[in-house]
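Numbers restart at 1 for each chain; the letters A, B, ... are given by sequence-line order, proteins then strands.
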2 protein chains.
Amino acid sequence: MYQRPHPKVSDGAAAPRPAPVIPLMPGPLASKRVQMEPQVETEPVVQGVYVISVAARILEMHPQTLRKYERLGLINPGRSVGMLRLYSWEDIRKLYLIRHLVENLGFNLAGVEFTLTLVNQLMQMQERMSGAAKGTPLEGQVEQEMTHLLHTLNLPLDSGSI
Amino acid sequence: MYQRPHPKVSDGAAAPRPAPVIPLMPGPLASKRVQMEPQVETEPVVQGVYVISVAARILEMHPQTLRKYERLGLINPGRSVGMLRLYSWEDIRKLYLIRHLVENLGFNLAGVEFTLTLVNQLMQMQERMSGAAKGTPLEGQVEQEMTHLLHTLNLPLDSGSI
DNA sequence: ATAACTTGACACGGGTAGTGTCAAGTTATA
DNA sequence: TATAACTTGACACTACCCGTGTCAAGTTAT
């Protein structure tokens, strides 16, 4: 097995990263919610958007890293009228996955881009096949296979990710 | 889109790499076949094994690179009685894929290991689902989905790879 | 008005990956 | 058998990647 080398930064006695679980909902740390999304009347969504410092604090990542990821096209947060980056919770979830790929699996950014595409394609594929298998004995196997695959690949994804 | 940076080495006026197609059979370059596999009578296989210098020449890769890949667990060529590495054509095919992932897609070795696992899992998954879908309207869709996925991911694989 | 923040650009440093070199051992050929 | 050619494993070097630090200029909030 290819053993991933030491972590990038030797933090001395740094606290270990939290478990590689991607939160489905904003946690209590997501305070200082700067700006609320324009609420659509028919959809009572409670999720806000976060300015870069808040997003970076939630993710425990450096703001410059977030900016670089955007420049490379890995993420695409919204912008305020004054050009401030506004990170939605979807952006945060995606960044959690990216952080997992980089820190836990040791990918470089080319591998990260590939994996984001992979996850997207797998989700679309599952949707198509689940639809086509409806009513057949294969009904449940599609989702089961996908869950098994993601688990084998160490991709901690709640369905509907990315 | 994440644009992969410049190639690793600025070769000056180096010749461009051959197209990223993984040969299914040994080409004419695979001369100087050093040692033949012990021929099983019931299976007239014509494929030989190659010593590291020959494998490296076929692949246009550095012998040290092949040794490093083995040390990291990406490949596992056989050994002669005198500890010489013996690369089968399966090993060569795998190395073609690895070279593609590194040179064309820009992966580091962690991403390479991930992708090798991915390809393995996808092939097993296809086999299971093709078997289960036999006789249903889904009969052909499984292989079609897999082909589409591999194409989208820029994985030039003939079925049965790796 | 002023403090705090964001943006974009640039640079620095640790780590990765491919390649070069070398002594010791093995294989092939004369 | 003698010798040339090759392989092995170890080590070192170098280019490049990626996270992070810094800074001036502009924006936002108190």
Side-chain angles (χ1 to χ4, degrees), chain A residues 2-12 14 17 32-35 49-57 59-75 77-87 95 98-99 101-113, chain B residues 2-12 14 17 32-35 49-57 59-75 77-87 95 98-99 101-113:
Chain A
Y2 171 73
Q3 280 290 16
R4 194 166 72 83
H6 328 272
K8 204 74 173 191
V9 182
S10 55
D11 280 332
R17 282 288 193 188
K32 198 174 181 180
R33 190 169 297 165
V34 170
Q35 194 171 345
V49 291
Y50 308 93
V51 104
I52 196 171
S53 63
V54 180
R57 179 150 26 90
L59 289 156
E60 299 179 84
M61 294 173 71
H62 200 286
Q64 285 294 66
T65 304
L66 303 188
R67 296 193 183 101
K68 184 164 286 191
Y69 286 177
E70 178 181 2
R71 189 164 51 78
L72 297 176
L74 296 178
I75 52 176
R79 295 278 182 154
S80 76
V81 284
M83 287 300 285
L84 295 195
R85 273 169 262 250
L86 298 178
Y87 293 83
L95 283 163
I98 294 176
R99 201 189 78 176
L101 297 176
V102 170
E103 293 192 353
N104 297 112
L105 303 190
F107 290 11
N108 64 3
L109 300 186
V112 168
E113 187 200 21
Chain B
Y2 169 74
Q3 280 290 16
R4 195 165 72 83
H6 327 272
K8 205 74 173 191
V9 181
S10 55
D11 281 331
R17 281 289 192 189
K32 198 174 182 182
R33 192 168 296 165
V34 170
Q35 194 170 345
V49 291
Y50 308 94
V51 105
I52 195 171
S53 63
V54 180
R57 179 152 26 92
L59 290 157
E60 300 179 84
M61 294 173 71
H62 200 286
Q64 285 294 66
T65 304
L66 303 188
R67 295 193 183 101
K68 184 164 285 191
Y69 285 177
E70 179 180 3
R71 189 164 49 78
L72 297 177
L74 295 179
I75 53 176
R79 296 279 182 153
S80 75
V81 285
M83 287 300 285
L84 295 194
R85 273 169 262 251
L86 297 179
Y87 293 85
L95 283 163
I98 295 176
R99 201 189 78 176
L101 297 176
V102 170
E103 292 191 354
N104 297 112
L105 303 189
F107 290 10
N108 64 4
L109 299 187
V112 167
E113 187 200 21

Next on the checklist: I need the minimum non-hydrogen distance between A:Asn108 and B:Gly106, along with the two atoms involved.
Outcome noted: ND2-O, 2.8 Å
Checklist entry - Looking at side-chain heavy atoms only, is the closest gap between A:Arg57 and A:Val54 below 4.5 Å? => result yes
Item to check | Phosphate contact (C:dG8 OP1 or OP2) by A:Arg85 side-chain N/O below 4.0 Å | outcome: yes
Checklist entry - Roughly how far apart are B:Tyr69 OH and B:Arg99 CZ, rounded to 0.5 Å? => result 10.0 Å
Checklist outcome for this item: The reported gap from CD in B:Glu113 to CZ in A:Phe107 (rounded to nearest 0.5 angstrom) is 8.5 Å
Checklist entry - Tell me: CZ of A:Phe107 to P of D:dC17, nearest whole Å? => result 19 Å
Next on the checklist: Please report the distance, rounded to the nearest Å, between CG in A:Leu72 and C1' in D:dC16.
Outcome noted: 15 Å
Checklist entry - Separation of A:Tyr50 atom OH from C:dC5 atom C1', in whole Å? => result 19 Å
Checklist outcome for this item: With five pairs defining each end axis, the helix from C:dA1-D:dT30 to C:dA30-D:dT1 comes out bent, to 10°, by 20°
Checklist entry - Taking only N and O in the side chain of A:Thr65, is any of them less than 4.0 Å away from OP1 or OP2 of D:dC18? => result no
Checklist outcome for this item: Of the listed C:dG20, D:dT20, D:dT8, the closest approach to the B:His62 side chain comes from C:dG20
Checklist entry - So how far is it from B:Leu101 CG to B:Leu95 CG, rounded to the nearest 0.5 Å? => result 11.0 Å
Checklist entry - For the atom pair CD1 (B:Ile52) and CG (B:Leu59), what is the distance rounded to the nearest 0.5 Å? => result 10.5 Å
Next on the checklist: Between C1' on C:dG18 and CG on B:Asn108, what's the gap in Å once rounded to a whole number?
Outcome noted: 14 Å
Next on the checklist: How long is the straight-line distance from CD1 of A:Ile98 back to CD1 of A:Ile75, given to the nearest 0.5 Å?
Outcome noted: 6.0 Å
Checklist outcome for this item: Closest to the side chain of B:Arg67, out of C:dG18, D:dT20, D:dT7, is D:dT7
Item to check | Shortest side-chain distance from A:Tyr69, nucleotide among C:dG8, D:dG9, D:dG19 | outcome: D:dG19
Item to check | Minimum-distance nucleotide (side-chain atoms of A:Lys68 versus D:dG19, D:dT7, C:dC5) | outcome: D:dG19
Checklist outcome for this item: Among D:dG9, D:dG19, C:dG8, the one nearest any side-chain atom of B:Arg79 is D:dG9
Item to check | Results of side-chain hydrogen bond (donor to acceptor under 3.5 Å, both in side chains) for B:Glu70 - residues two or more places apart only | outcome: B:Arg79, B:Arg85
Item to check | Spacing between A:Leu101 atom CG and D:dC17 atom C1', to the nearest angstrom | outcome: 17 Å
Item to check | Spacing between A:Met61 atom CE and D:dG21 atom C1', to the nearest angstrom | outcome: 17 Å
Short heteroatom pairs, N/O only, protein and nucleotides 23-28 of chain D, under 3.5 Å:
none

Checklist entry - So does A:Ser53 get a side-chain nitrogen or oxygen closer than 4.0 Å to the phosphate oxygens (OP1/OP2) of C:dT6? => result yes
Checklist entry - Rounded to the Å, how far apart are A:Tyr87 OH and C:dT7 P? => result 7 Å
Item to check | Length of the line joining B:Glu70:CD and D:dA10:P, which is rounded to integer Å | outcome: 12 Å
Checklist outcome for this item: d(A:Leu66 CG, A:Arg71 CZ) to nearest 0.5 Å is 13.0 Å
Checklist entry - Are the side chains of B:Pro77 and B:Leu86 in touch, meaning some heavy atoms are under 4.5 Å apart? => result no
